[in-house]
Protein chains: 2
Amino acid sequence: MKDDQPNPRPQTRIQQRNRQTILEAALEVFSAYGFRGATLDQIAAEAGLSKPNLLYYFASKEAIHLELLSGLMDTWLDPLRAMNPDGEPTAEILAYVRRKLEISRDFPRESRLFANEILQGAPRMQPALEGDLKSLVDEKCALIRGWSDAGRIAQIDPYHLIFSIWALTQHYADFDVQVRAVLGPGHDPFAEADRFVETLYQRLLKT
Amino acid sequence: MKDDQPNPRPQTRIQQRNRQTILEAALEVFSAYGFRGATLDQIAAEAGLSKPNLLYYFASKEAIHLELLSGLMDTWLDPLRAMNPDGEPTAEILAYVRRKLEISRDFPRESRLFANEILQGAPRMQPALEGDLKSLVDEKCALIRGWSDAGRIAQIDPYHLIFSIWALTQHYADFDVQVRAVLGPGHDPFAEADRFVETLYQRLLKT
DNA sequence: TGTTGATTTGACCATCTGGTCAAGATAAGC
DNA sequence: GCTTATCTTGACCAGATGGTCAAATCAACA
């Protein structure tokens, strides 16, 4: 996201590789144990580096965590940004749902990291929530309201419609153990979820 | 749940009161910071007791946490247990949704404690999930499937129907900060959610 | 009131944890 | 190969944290 130019910081190949390795390891550990539950030793072990070496690449434990979180917000917002005002309303909303569910399936650790942060009151993300997130949601909700006012989808509160999409799709990543425990073996929760949410939102939005 | 008889352990009034005070304080702290993020000193301060005194009433930090979790499961299952096979299907399901949302509104700390535990892989609850929870859900899903096979509600996967109820209702407790950040001031998320989920499930279940 | 058992706590301990530092190993340019 | 800048680490530190313990305080009851 930053340091794309060769100037500001040299960013040798070793630096690039090791910072990446560390972030990957930190994601694994933070998403499983939360910020305070994770230790630098765990992350170092996961990354195959020594603890002082971690701190050569990142100023502190908090700095690693922040870097992960800031990288997250964009991944989070992109699918919603992609909702096209000129598309067919139901198709656009369903595409958003499907895309969000794919993200839960493919990036469950990121989803849990995010959930951990919000659960604990979002101490490091509140500004982003009230800023970028809110304004994007406001914009898309205006769009959705336009669609329902024009009778192209059923009348529904657009904000809570979006909340429901977040809740449903993230549930399969964040509560994975519970879902699997209840379904028992021999199930593909995400495949089933895909069919379920499609049905749900089609019935909800049908005029 | 245990020690209802006066015999096994005396349980003086002081003991009863202090154990309760400690559990209340621990709920506050654990739900806000997670198990590892919470400290005995924090809990002691919140309870207005000294740390050694906590450990006079509970064997360890873990013991406090376990007691909270075990108390939780029942509160969690009760609304689902209350689903009446002889009632009107849509009304029964909507009542369940409403009851679950009330719990999110009235016991958000319990909801977050639970979410924290599941998020981190449910290390201390997996047996309960695969046991009591699964069998109750299996039972109620059979019931719901009966309803939809009889044409009394629309065809829908009962397991994912229940997951959707959990996801939606708990979202308002667990992601409270996010919901409020997006809605902005002047909203009552739970009141709005109540209307939203009612609409959603009515449209989903209508034959 | 004296005695006994329950309750409370200050002082303490071992371990863990985030972080530092100086010295050594390695890679890169000349 | 030599020099310089980058990278790596063993040893260490200060503070936090879960937990212990003996001694002190309190409550109840004979």
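Within every chain, numbering begins at 1; the chains are lettered A, B, ... in the order of the sequence lines, protein sequences first and strands thereafter.
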Touch class at under 4.0 angstrom, heavy-atom based, for A:Leu40 against every strand present: sugar-phosphate

Pair of N/O donor and acceptor under 3.5 Å linking C:dG19 base with A:Lys61 side chain: no

Residue mapping more 5' on DNA chain D - nearest nucleotide basis, B:Gln42 or A:Arg17: A:Arg17

Touch class at under 4.0 angstrom, heavy-atom based, for A:Arg36 against every strand present: sugar-phosphate

d(CD1, B:Ile22; P, C:dT7) in whole Å: 11 Å

Closest nucleotide among D:dT8, C:dT20, D:dC21 to the A:Asn53 side chain: D:dT8

Between C1' of C:dG19 and CG of A:Asp41, the distance in whole Å: 11 Å

Interatomic distance, A:Tyr33 OH vs C:dG18 P [rounded to whole Å]: 14 Å

Value in whole Å for how far the C1' atom of D:dT6 lies from CG of A:Leu55: 17 Å

Minimum side-chain heavy-atom gap A:Glu192-A:Val179 below 4.5 Å: no

5'-most by nearest nucleotide on DNA chain D - A:Pro52 or B:Thr39: A:Pro52

Centroid separation B:Tyr172 to A:His160 less than 6.0 Å: yes

Check: B:Leu119 and A:Val177 side chains under 4.5 Å, non-hydrogen atoms: no

Parallel, tilted or perpendicular: rings of B:Phe163 and A:His171 (30°, 60°): tilted

Candidate nucleotides D:dT8, D:dT6, C:dT7, ranked by approach to the side chain of B:Gln15 - the nearest: C:dT7

Rounded distance (Å) that lies between atom P of C:dT9 and atom CG of B:Leu54: 10 Å

Atom-pair distance (CD1 on A:Ile43; P on C:dT17), nearest Å: 12 Å

Sugar-phosphate, base or nothing in reach of A:Phe58, heavy atoms under 4.0 Å: nothing

Gap between atoms NZ and C1', on A:Lys51 and C:dT20 respectively (whole Å): 10 Å

Sugar-phosphate only, base, or nothing, as touched by A:Ala44 at under 4.0 Å among non-hydrogen atoms: nothing

Distance test, side-chain N/O of A:Tyr56 to OP1/OP2 of C:dC21, below 4.0 Å: no

B:Ser50 side-chain proximity, nearest of D:dA11, C:dT8, D:dG19: C:dT8

SB check B:Arg81 B:Asp74 (cutoff 4.0 Å): yes

Phosphate OP1/OP2 of C:dT8 contacted by B:Asn18 side-chain N/O (<4.0 Å): yes

